[in-house]
Protein chains: 2
Amino acid sequence: MSETIPVSTPRRQQIIATAREILEEDGPSALTMRAVADRLGIRAPSLYKHIPDKDALEHGLIEVAFDELGDAFEAARASQTDLLVAMAQAYRRFGLEHPHLYRLMTEHKLDRSRIRPGAEERAARLSIASFGGSQDTARALWAFAHGMVILELNERFPADAELDLAWQRGLAAFRTLMEKDT
Amino acid sequence: MSETIPVSTPRRQQIIATAREILEEDGPSALTMRAVADRLGIRAPSLYKHIPDKDALEHGLIEVAFDELGDAFEAARASQTDLLVAMAQAYRRFGLEHPHLYRLMTEHKLDRSRIRPGAEERAARLSIASFGGSQDTARALWAFAHGMVILELNERFPADAELDLAWQRGLAAFRTLMEKDT
DNA sequence: GTCTATATCAAGATAGAC
DNA sequence: GTCTATCTTGATATAGAC
């Protein structure tokens with residue numbers, strides 16, 4: 001017999017915000033129910049009156065992340081600089097400024113039934129709609145951007161690699177392609 | 001007072017091979033010292049006579065993975081088809097055929113002091129030397145390939161996405177660029 | 001909505017005997 | 001080289017009182 005827990009309450013939002021602080025500051029291994037409770041000044045079991053389980057907590061974080069990435073994309077679209085460059089910069093900046101959050105939202109399969117419908121779609125739509133390329137090209141471009149961000153986060157490029165230049169080369173490649181695309 | 005354990009013994013290789021089976025079959029959460037020992041018919045503590053700790057075991061797996069990826073690149077270079085396409089196919093195939101191994105070797109920072117010097121370099125050298133592009137372009141291309149593989153493994157593309165086409169678009173983009181490169 | 005107490009589980013690793 | 005026994009740690013989650 002499982003209790004029904006409302007999806008959105010102030011306390012729940014507070015728990016997710018606290019979880020986010022811990023994740024961003026100390027990484028995923030520090031994100032435990034106990035750590036969240038400690039920071040809120042309560043005991044871990046009390047959390048379960050507000051949120052069903054840890055998985056729900058993580059999906060709450062993913063939801064927030066998609067919302068903020070969407071916000072970043074909207075701001076980039078409004079900027080006056082080259083659109084492709086502006087969107088790429090927004091994406092890269094988000095990843096570098098929120099590495100643990102970025103990993104959380106990209107490193108695993110996503111159970112879309114556990115996040116608010118539309119959260120992911122909005123970010124995807126904003127990123128794709130800006131370009132003239134085909135869907136296939138948009139997917140390839142996303143793969144490039146994700147690869148650049150995650151390999152940088154994982155420190156896989158040589159320490160002296162000029163990643164700004166690698167971004168430029170990649171974007172130049174796709175720009176050429178999209179001008180030829182539908 | 002720590003015991004010195006030889007880096008390469010038959011038993012050690014056997015342990016790593018067993019660990020690989022478990023990782024590939026059942027994923028990282030199944031890869032425990034106990035599971036490895038069970039499959040070998042011994043007790044977990046006995047493993048520590050042959051390998052220092054679990055981290056060493058994982059780095060042994062990463063080493064094997066780089067060696068095999070290097071082999072795949074060599075085979076691709078010898079093929080008669082378009083080089084860029086052949087290398088990309090080899091990379092993608094490796095990732096899809098060994099998803100857990102691929103994740104293990106790419107998802108984290110790499111402590112290069114714990115793998116055999118040259119293992120990573122060989123794979124990198126084989127992949128880069130084939131192209132005429134700049135280093136920056138090579139890095140962008142790697143990011144594209146990694147992004148395509150890991151997003152496919154994480155099922156992030158729509159189920160009906162035609163990933164062959166996305167690969168084609170991305171490779172076409174980089175090909176155009178490299179023809180203009182140094 | 002919070003608490004205490006507890007169930008449950010599982011991991012990596014060491015000591016010391018044989 | 002393998003064993004048994006054990007240490008140490010830490011996690012998610014539930015029951016039931018207040």
Side-chain angles (χ1 to χ4, degrees), chain A residues 1-62 100 103-104 107-109 111 114, chain B residues 1-62 100 103-104 107-109 111 114:
Chain A
M1 193 63 46
S2 58
E3 297 299 320
T4 303
I5 296 176
V7 175
S8 180
T9 66
R11 195 56 161 157
R12 185 179 189 275
Q13 296 313 115
Q14 199 180 12
I15 288 168
I16 291 171
T18 302
R20 185 207 180 138
E21 288 176 15
I22 294 167
L23 177 66
E24 298 223 37
E25 290 171 19
D26 300 320
S29 70
L31 182 58
T32 66
M33 299 303 272
R34 192 165 308 177
V36 174
D38 281 354
R39 199 175 279 220
L40 283 165
I42 62 176
R43 303 291 178 168
S46 306
L47 295 172
Y48 293 87
K49 298 287 184 179
H50 305 284
I51 198 154
D53 51 34
K54 193 187 176 185
D55 192 56
L57 181 56
E58 289 181 341
H59 280 85
L61 291 175
I62 291 171
H100 297 301
R103 284 203 179 91
L104 182 66
E107 274 191 336
H108 312 281
K109 289 182 200 174
D111 183 350
R114 299 209 71 170
Chain B
M1 194 61 48
S2 58
E3 298 298 321
T4 303
I5 297 176
V7 174
S8 179
T9 66
R11 195 55 161 159
R12 186 179 188 276
Q13 295 313 114
Q14 199 179 13
I15 289 167
I16 291 171
T18 302
R20 185 205 181 140
E21 288 176 15
I22 294 167
L23 177 67
E24 297 223 37
E25 290 170 18
D26 301 319
S29 70
L31 181 58
T32 65
M33 298 303 273
R34 193 162 307 179
V36 173
D38 280 354
R39 198 174 280 221
L40 283 165
I42 61 176
R43 304 291 179 169
S46 307
L47 295 173
Y48 293 88
K49 297 288 185 178
H50 305 284
I51 198 156
D53 51 34
K54 194 189 177 187
D55 192 57
L57 181 56
E58 289 181 342
H59 281 84
L61 292 175
I62 291 171
H100 297 301
R103 283 202 180 91
L104 182 66
E107 273 191 335
H108 312 281
K109 290 183 200 174
D111 182 351
R114 299 208 71 171

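Letters A, B, ... are given to chains in the order of the sequence lines, protein chains preceding strands, and every chain is numbered from 1.
B:R11 comes within 4.0 angstrom of the backbone, heavy atoms only, and of no base. Residue contacts shown for A:T32 are limited to sugar-phosphate atoms, with no base heavy atom under 4.0 Å away. If you check every strand for non-hydrogen atoms under 4.0 Å, A:K54 touches sugar and phosphate atoms only.
Evaluated for a side chain to side chain contact (heavy atoms under 4.5 Å, CB included) with B:H59, the options B:D111, B:I16, B:L104 yield exactly one hit, B:D111.
Within the structure, a side-chain polar atom (N or O) of B:S46 is placed less than 4.0 Å from OP1 or OP2 of D:dC3.
The nearest whole Å value for the distance from the CD1 atom in A:I5 to the P atom in D:dA13 is 11 Å. Taking atom NZ of B:K49 as the reference point, atom P of D:dT4 lies 14 Å away to the nearest angstrom. Look at CD1 on B:I42: it is 10 Å from P on D:dG1, rounded to the nearest Å. One can place OH of B:Y48 at 14 Å from P of D:dC3, the figure rounded to the nearest angstrom. To the nearest angstrom, P of C:dA17 lies 20 Å from CZ of B:R43. Computed from coordinates, the B:L40 CG to D:dC3 C1' distance equals 15 Å when rounded to whole Å. Rounded to a whole Å, the CD atom of B:E58 is 9 Å from the P atom of C:dG12. Straight-line distance from the CG atom of A:L57 to the P atom of D:dT12: 10 Å, rounded to whole Å.
The listed nucleotides are D:dA15, C:dT2, C:dA13; the one nearest the side chain of B:P45 is C:dA13.
Ion pairing between A:R20 and A:E25 fails under the 4.0 Å rule for side-chain N and carboxylate O.
You'll find the side chain of A:L40 reaches within 4.5 Å of the side chain of A:L47, heavy atoms only.
Taking OG from B:S29 and CD1 from B:I22, the interatomic distance works out to 11.5 Å, rounded to the nearest 0.5 Å. Atom CD1 of A:I5 sits about 9.0 Å away from atom CZ of A:R12, to the nearest 0.5 Å.
The residue among B:R34 and A:M33 whose nearest nucleotide of DNA chain D is located toward the 5' end is B:R34.
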